[in-house]
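Keep in mind that what you see is a predicted model, and the values were worked out from it rather than measured. In what follows, chains are A, B, ... by sequence order, proteins preceding strands, each numbered from 1. In what follows, every heavy atom counts, from backbone to side chain, and hydrogens, waters and symmetry copies are set aside.
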There are 2 protein chains.
Amino acid sequence: MAESKPLILVVEDETPIRRFLKMTLVDHGFDFAEAVNGKEGLMFVASRRPDLLILDLGLPDIDGLTVTRELREWSNVPIIILSARGQEKDKVEALDSGADDYLTKPFGIAELLARIRVALRHGEKLTQGIADTVFVFGEITTDLVKRQITRGGEEIHLTPIEYKLLTILIKHSGKVVTHNLLLKETWGAGYQQETHYLRVYMAQLRRKLERDSAHPMHLITEPGIGYRLRS
Amino acid sequence: MAESKPLILVVEDETPIRRFLKMTLVDHGFDFAEAVNGKEGLMFVASRRPDLLILDLGLPDIDGLTVTRELREWSNVPIIILSARGQEKDKVEALDSGADDYLTKPFGIAELLARIRVALRHGEKLTQGIADTVFVFGEITTDLVKRQITRGGEEIHLTPIEYKLLTILIKHSGKVVTHNLLLKETWGAGYQQETHYLRVYMAQLRRKLERDSAHPMHLITEPGIGYRLRS
DNA sequence: AATCTACGTCAAGATTTTGTCAAGAAAATT
DNA sequence: AATTTTCTTGACAAAATCTTGACGTAGATT
């Protein structure tokens with residue numbers, strides 16, 4: 001990435017716009033890749049790790065906002081949203097979902113390019129997200145893209161909160177994650193005293209993931225501090 | 001910054017807008033600071049290191065673009081530009097000068113706040129760096145990020161107080177740390193006579209960390225003064 | 001040798017923190 | 001509207017940690 005041309009992935013279902021973006025981007029010295037729907041986009045990011053994502057909000061399969069949120073669970077790739085809708089609440093929602101910028105159609109090419117440069121500037125300094133979207137510990141395999149957990153081939157169903165907690169622990173794999181952080185990330189600020197929630201959910205995760213939940217090998221308690229994922 | 005409120009500096013010469021921003025920002029849980037011209041703004045950033053800069057382009061002394069460029073020579077504090085001019089070339093120029101975002105007046109409060117959150121998100125991730133946090137003495141390895149102690153590869157479990165004491169000793173590695181300081185840092189003021197606590201916990205640390213706890217190689221007693229970590 | 005002082009050792013409660021279970025409320029799905 | 005799933009909450013058990021006191025040790029002082 002440092003020396004070669006930055007790779008930009010455009011996720012856009014309308015062919016004319018995609019063509020136009022391709023022309024413009026290639027013209028200005030970027031490597032171009034395209035996806036016509038959300039699922040394709042997610043998989044592309046997982047496998048090819050582009051330097052920037054240009055994402056249309058109105059996709060045929062998954063909503064652009066959902067794509068953004070799912071991506072943010074394991075990737076820090078800069079995201080610029082393109083949308084026909086210019087309502088303030090649309091922008092706020094997109095930005096709060098994890099997007100880095102939001103442009104309303106029609107937009108100027110020069111501005112788009114400038115905002116791309118800004119986003120790439122950020123991307124350089126950012127730490128990439130999780131190294132691999134498939135994370136393995138013990139007999140457990142987690143696929144962050146498919147959102148699928150398996151244990152010895154058997155699929156394990158996790159509730160949204162269980163899944164969220166697990167992904168946080170994976171993101172900090174090996175490190176101790178404080179009660180505070182887990183609570184804030186999962187329930188939001190204002191729940192930082194509810195450590196009882198953590199006890200209940202860690203118990204459930206252990207029951208689902210650990211061979212012997214009374215003597216966990218991976219979901220480790222650090223009394224007084226938090227929890228830790230050991231692989 | 002991690003725990004306290006983010007500090008936002010507003011550089012804006014028009015009093016009504018400044019007042020309005022102050023109200024809005026304080027209302028939404030930010031620390032607010034202000035400067036009425038570019039020179040003041042630059043000096044403030046240099047001395048107080050705000051987490052974010054909101055910068056009006058039309059300043060009485062230095063041009064906002066110039067402020068941005070000068071700032072970028074020694075700081076990467078996120079900058080959001082506010083401007084009455086919405087021409088594309090103005091935006092491009094500002095963004096290419098080093099600004100992170102550009103809003104045209106009049107702007108919506110909700111959008112501004114959302115873009116502030118984006119910028120702060122970037123700022124956070126920039127600083128989280130590579131700090132070498134592994135400290136080694138003898139056969140003991142301490143990783144202060146993972147909060148993990150190993151002895152010859154074996155994981156050693158420390159209780160919160162044990163860990164706290166050890167980190168204090170590491171922070172002052174080689175030097176003598178007084179009873180007083182250890183007690184104050186660990187139990188808080190008001191426990192500075194309870195030196196017995198230290199004896200109990202230093203004994204426990206030695207039992208866990210030293211090869212022969214009766215003849216410690218690293219956790220050294222300085223009679224009458226305190227303790228010292230020798231590596 | 002006796003005494004004193006500062007520190008080390010050990011272990012028994014007391015206290016705090018964590019784990020477990022289950023029932024009812026809330027939310028999502030059908 | 002009914003059903004299923006998920007979340008929240010409380011009571012209680014279990015475990016880990018902290019506090020406390022009794023006693024031991026070593027060296028210095030008399």
- Checking A:Glu12 side chain against A:Glu14 main chain: does a donor-acceptor pair fall under 3.5 Å? yes
- Message: Using a heavy-atom cut-off of 4.0 Å across all strands, would you classify B:Tyr163 as base, sugar-phosphate, or nothing?
- Response: nothing
- Item | Ring centers of A:Trp74, A:Phe135 separated by less than 6.0 Å | no
- Taking the six-membered ring of A:Phe137, is the NZ or CZ of A:Arg230 close enough (under 6.0 Å from the centre) and on axis enough (within 45°)? no
- Do A:Thr195 and A:Arg199 meet the criterion of a side-chain donor-acceptor pair at a distance under 3.5 Å? yes
- Pick the nucleotide of DNA chain C nearest each of A:Thr195 and A:Arg207; which residue has the one closer to the 5' end? A:Thr195
- Would you tell me whether A:Thr221 and A:Arg206 have side-chain atoms, one donor and one acceptor, within less than 3.5 Å of each other? yes
- Would you check if there is a donor-acceptor pair between the side chains of A:Arg69 and A:Ser97 at a distance under 3.5 Å? yes
- Query: Does A:Arg199 make a side-chain N or O approach to OP1 or OP2 of C:dT20 shorter than 4.0 Å?
  - Reply: no
- Item | Main-chain N/O of B:Val134 paired to B:Asp143 side chain as donor or acceptor, under 3.5 Å | no
Dump every N/O contact between nucleotides 24-30 of chain D and the protein below 3.5 Å, one line per pair.
none

Within the sub-3.5 Å range, which N or O atoms of nucleotides 5-11 of chain D have a protein N or O partner, and how far apart are they?
| from | atom 1 | to | atom 2 | distance (Å) |
| --- | --- | --- | --- | --- |
| D:dT6 | OP1 | A:His157 | NE2 | 2.3 |
| D:dC7 | OP1 | A:Ile161 | N | 3.4 |
| D:dC7 | OP2 | A:Thr159 | OG1 | 2.6 |
| D:dC7 | O5' | A:Tyr201 | OH | 3.4 |
| D:dT8 | OP2 | A:Trp187 | NE1 | 2.9 |
| D:dT9 | OP2 | A:Tyr197 | OH | 2.4 |
| D:dG10 | N7 | A:His196 | NE2 | 3.2 |
| D:dG10 | O6 | A:His196 | NE2 | 3.1 |

